[in-house]
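On a predicted model such as this, the values are computed, not experimentally measured, just so you know.
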Amino acid sequence: QVQLVESGGGLVQAGGSLRLACTASGSIFRVNAMGWYRQAPGRQREMVATITTGGSTNYADSVKGRFTISSDNAKNTVYLQMNSLNSEDTAVYYCNAEVGRLVISDYWGQGTQVTVSS
């Protein structure tokens, strides 16, 4: 079993910054990619940013140029630096890890609340 623990969420004013962190632990054989997803009330859960162990990244259009995802493969940790936050970024942010080789499994953290006040 893999456990994911997120940290760094909180309340921030519009225009401010936060950095989220997520560390995977437990029965990890291989982490292929990690990422961040978010869900706001009344909205579908959406991909925010992902990064593979090789360093390939993908971002949602809404966060390009403002958010940066990075990882420390040795620590199985992924970070999300969020700058120029606005009210539309308010959501619960969930960490995701894709683990495996022959069989791929996805694991999720409990989520961390990010609230941006205008």
Looking only at non-hydrogen atoms, find the nearest pair between [X] and [Y] and report the distance.
X	Y	answer
T115	Q113	OG1-NE2, 3.3 Å
S118	A14	CA-CB, 4.2 Å
S84	S17	N-OG, 4.3 Å

Could you give the distance from [atom1] ([X]) to [atom2] ([Y]), rounded to the nearest 0.5 Å?
X	Y	atom1	atom2	answer
W108	C22	CH2	SG	10.5 Å
D89	S87	CG	OG	8.0 Å
S71	M34	OG	CE	8.5 Å
L85	L18	CG	CG	5.5 Å
Y37	M47	OH	CE	6.5 Å
T68	Q81	OG1	CD	7.0 Å

side-chain contact (heavy atoms from CB on, under 4.5 Å) between E46 and R38, worked out:
CA-CA 6 Å; E46 64 175 346; R38 67 186 181 187; 2.8 Å; yes
Holding to salt bridge (Lys or Arg N to Asp or Glu O under 4.0 Å), I want the full list of residues that pass it with R19, two or more places apart in sequence or in another chain.
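For R19, no residue satisfies salt bridge (Lys or Arg N to Asp or Glu O under 4.0 Å) once neighbours in sequence are set aside.
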Take T52 and N32 through the side-chain contact (heavy atoms from CB on, under 4.5 Å) test and state the conclusion after the steps.
CA-CA 6 Å; T52 69; N32 304 313; over 6 Å; no
If we ignore angles and hydrogens, is there a donor and acceptor under 3.5 Å between the side chains of T77 and D72?
no
Cluster check [X], [Y]: I/L/V/M/F/W/Y, side chain < 4.5 angstrom:
X	Y	answer
V99	I51	yes
Y79	I69	no
L4	L20	yes
V92	Y107	no

Would you sort out whether Q39 and Y93 count as a side-chain contact (heavy atoms from CB on, under 4.5 Å), showing the intermediate values?
CA-CA 7 Å; Q39 187 166 23; Y93 285 70; over 6 Å; no
Dump the intermediate steps for side-chain contact (heavy atoms from CB on, under 4.5 Å) on C95 and V78, then the final yes or no.
CA-CA 8 Å; C95 178; V78 64; 4.1 Å; yes
Does NZ or CZ of R45 come closer than 6.0 Å to the centre of the six-membered ring of Y94, within 45° of the ring's axis?
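Geometry flag: set, cation within 6.0 Å and 45°.
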Polar side-chain atom of Q13 near backbone of S117 as donor-acceptor pair, under 3.5 Å:
no
Does the side chain of L80 reach to within under 4.5 Å of the side chain of V48, using non-hydrogen atoms?
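A side-chain contact under 4.5 Å exists here.
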Evaluate the side-chain proximity of N83 to F67: yes if any heavy-atom separation is below 4.5 Å, no if none is.
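Not touching, per the 4.5 Å side-chain cut-off.
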What do you reckon, is CD of Q3 surrounded by more than 12 foreign heavy atoms closer than 6.0 Å?
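Result for CD/Q3: enclosed.
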Which is it for E98 and N96 under the side chain to side chain donor-acceptor pair (under 3.5 Å) test, yes or no, and what are the steps along the way?
CA-CA 7 Å; E98 180 187 284; N96 169 265; over 6 Å; no
